[in-house]
Amino acid sequence: MSSCLIFTFILLLCLFSSSFTSSSLHNATDESVTLRPQHEIQKLKLIREHLQRINKPAVKTIQSSDGDIIDCVPSHHQPAFDHPLLKGHRPMDPPEMPQGNSQENESHEDFQLWSLTGEFCPEGTIPIRRTTEQDMLRASSVRRFGRKIRRVRRDSSSNGHEHAVGYVSGSKYYGAKASINVWTPHVSTKNEFSLSQIWVIAGSFADDLNTIEAGWQARAIHLSSYPELYGDTNPRFFTYWTSDAYQATGCYNLLCSGFIQTNNRIAIGAAISPVSSYKGGQFDISLLIWKDPKHGHWWLQFGSGALVGYWPVSLFTHLMEHGNMVQFGGEIVNTRPDGSHTSTQMGSGHFAGEGFGKSSYFRNLEVVDWDNTLIPISNLRVLADHPNCYDIRGGVNRVWGNYFYYGGPGKNSKCP
């Protein structure tokens, strides 16, 4: 009889324990199911509020073949005028052009995929690439969306940034110009990018760094921190600025208040077309950044005379006056996937020694002097952080003036 009672007690204990465990698991599952949607709902709420701030009401919308949506926004409603220093302002009159600015017909405004539709934004509006929920959901955070990760120094690759650049320093620079060969480099993983650009720099590489940047950029298609901007691998025309070493100020393109666009045919952040091919056609874009002596703002010109817009001088501290360094070249981010160097390419993905049609180039490098005159660079220095991964070779000739080839494949037998 006692053994039967013991058996019954054990059976009841097991049933009770099983019921308790099942109930606990059910409650825990319920709790996690309720918590997760609340977190996601809060994130979506923040995203939608941010999108309302940066996606302005459009008078016309254009659908690009690559999936981009281009909104034609009245120029006085663009994001720049949300900045406290710019509220109530309107775009400035055209600037005083630098002397010696050649008007060769090396490029035109119809260099982007969206413009192949044959549609453009009306006068008095500017084309803005619409930012979507999907763009922002890929971002590491809403707060850092559209911003670069802070770098301690340009000449340090400890944070994964690697460069092959030509540069000048030691004088006062009021602008820079170059023609930049455009490619579609392979970008290996999320959080990596490959870009080619001009930098106008002032201040130190500490907390007070001021930069103005423009060029083209390619990103990985599965995005997280950097590639959240676009969602594909097309090279895209971009701008950037910061006045505090990429900490709290500045952003890409028109993703915050700052750069004031004046052009109704160029969409910053839109894909570039056509692009260069190995042993095939070569295409480049000409960019000029300079400080207007009339009002002091820093202007951006594309090609042979298309004014894109300007960075108001009030955004900056050291660049209020002039730059103390100008850089041209390529930059990649190396996250060392699987513990080895990334296979993300710079430029064409081929080393500088391969030359025209195979490696990427910058040509006709010039700077703007104190007299608002474009002059050829006379003391260009070149530097590659990791020459076995990406290298650079400079030269001078009658047609290209100062130029260099640069780039590389990243990971290879000499770059493990």
Side-chain angles (χ1 to χ4, degrees), residues 47-48 50-82 90-91 94 105 107-139 145-146 182 184 214-219 221 223 227-240 251-275 283-287 299-310:
I47 285 172
R48 284 167 184 164
H50 191 75
L51 289 174
Q52 275 192 324
R53 285 195 297 272
I54 62 175
N55 287 334
K56 303 297 185 181
V59 299
K60 179 181 177 180
T61 294
I62 300 168
Q63 179 77 51
S64 175
S65 61
D66 62 346
D68 281 356
I69 298 172
I70 306 298
D71 289 325
C72 301
V73 174
S75 60
H76 58 285
H77 288 159
Q78 62 183 290
F81 297 122
D82 292 337
R90 286 182 175 258
N105 189 27
S107 49
H108 50 80
E109 291 166 295
D110 304 343
F111 71 105
Q112 296 182 303
L113 282 175
W114 75 276
S115 63
L116 301 180
T117 61
E119 289 191 81
F120 293 98
C121 289
E123 290 292 332
T125 70
I126 61 163
I128 301 180
R129 179 187 177 272
R130 185 185 299 176
T131 303
T132 67
E133 278 189 16
Q134 288 70 31
D135 292 333
M136 295 198 66
L137 283 168
R138 289 188 290 260
F145 178 75
V182 182
T184 307
W216 63 261
Q217 183 178 55
R219 301 168 183 264
I221 196 161
L223 313 175
E228 78 263 12
L229 292 184
Y230 310 124
D232 60 37
T233 58
N234 293 325
R236 291 170 176 270
F237 175 47
F238 81 93
T239 62
Y240 200 92
C251 62
Y252 281 104
N253 309 334
L254 304 180
L255 293 175
C256 68
S257 304
F259 185 84
I260 297 174
Q261 183 163 339
T262 59
N263 191 293
N264 70 324
R265 295 172 71 91
I266 294 174
I268 305 172
I272 298 171
S273 178
V275 297
F283 302 94
D284 56 38
I285 58 173
S286 176
L287 299 178
W299 280 81
L300 174 63
Q301 175 187 281
F302 176 88
S304 59
L307 295 174
V308 182
Y310 61 95

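- Atom CG in Asn234 sits 8.5 Å away from atom OG in Ser273 (nearest 0.5 Å).
- Atom SG in Cys72 sits 11.5 Å away from atom CD in Glu123 (nearest 0.5 Å).
- Nearest heavy-atom pair across Ala267 and Trp114 is CB-NE1, 3.4 Å.
- For Phe111 and Phe283, the distance between ring centers is not under 6.0 angstrom.
- Rounding to the nearest 0.5 Å gives a distance of 4.5 Å between CD1 of Ile126 and CD of Gln261.
- Between Arg236 and Asp66, the shortest heavy-atom contact is NH2-OD2, 3.6 Å.
- The shortest side-chain heavy-atom distance between Leu254 and Ile54 does not fall under the 4.5 Å cut-off.
- Taking CD from Gln78 and CD1 from Ile260, the interatomic distance works out to 6.5 Å, rounded to the nearest 0.5 Å.
- Both the sub-6.0 Å distance and the 45° axial angle are satisfied by Arg219 relative to the ring of Tyr252.
- Contact record, Phe237 with Leu300: CZ-CD2, 3.9 Å, taken as the closest heavy-atom pair.
- With Thr131 as reference, Leu51 is the one residue of Ile69, Asn253, Leu51 to meet the side-chain contact (heavy atoms from CB on, under 4.5 Å) rule.
- Using modelled atom types, no side-chain atom of Lys56 and backbone atom of Pro74 make a donor-acceptor pair closer than 3.5 Å.
- To the nearest 0.5 Å, the span separating CG on Leu287 from CD on Gln301 amounts to 9.0 Å.
- Of all non-hydrogen atoms in Asn263 and Pro127, the two that sit nearest each other are O-CD, 3.3 Å.
- Nearest heavy-atom pair, Arg130 versus Asp135, reported as atom, atom and distance to 0.1 Å: O-OD2, 4.0 Å.
- Annotation: side chain of Ser75 is not in contact with side chain of Phe81 (no heavy-atom distance under 4.5 Å).
- In this structure, the separation between CG on Asp71 and NZ on Lys60 is 12.0 Å, given to the nearest 0.5 Å.
- Across all their heavy atoms, Ile272 and Pro274 have their closest contact at CG2-O, 4.0 Å.
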(request) Decide yes or no on side-chain contact (heavy atoms from CB on, under 4.5 Å) for Ile266 and Gln112, but give the supporting numbers first. (result) CA-CA 8 Å; Ile266 294 174; Gln112 296 182 303; 4.0 Å; yes
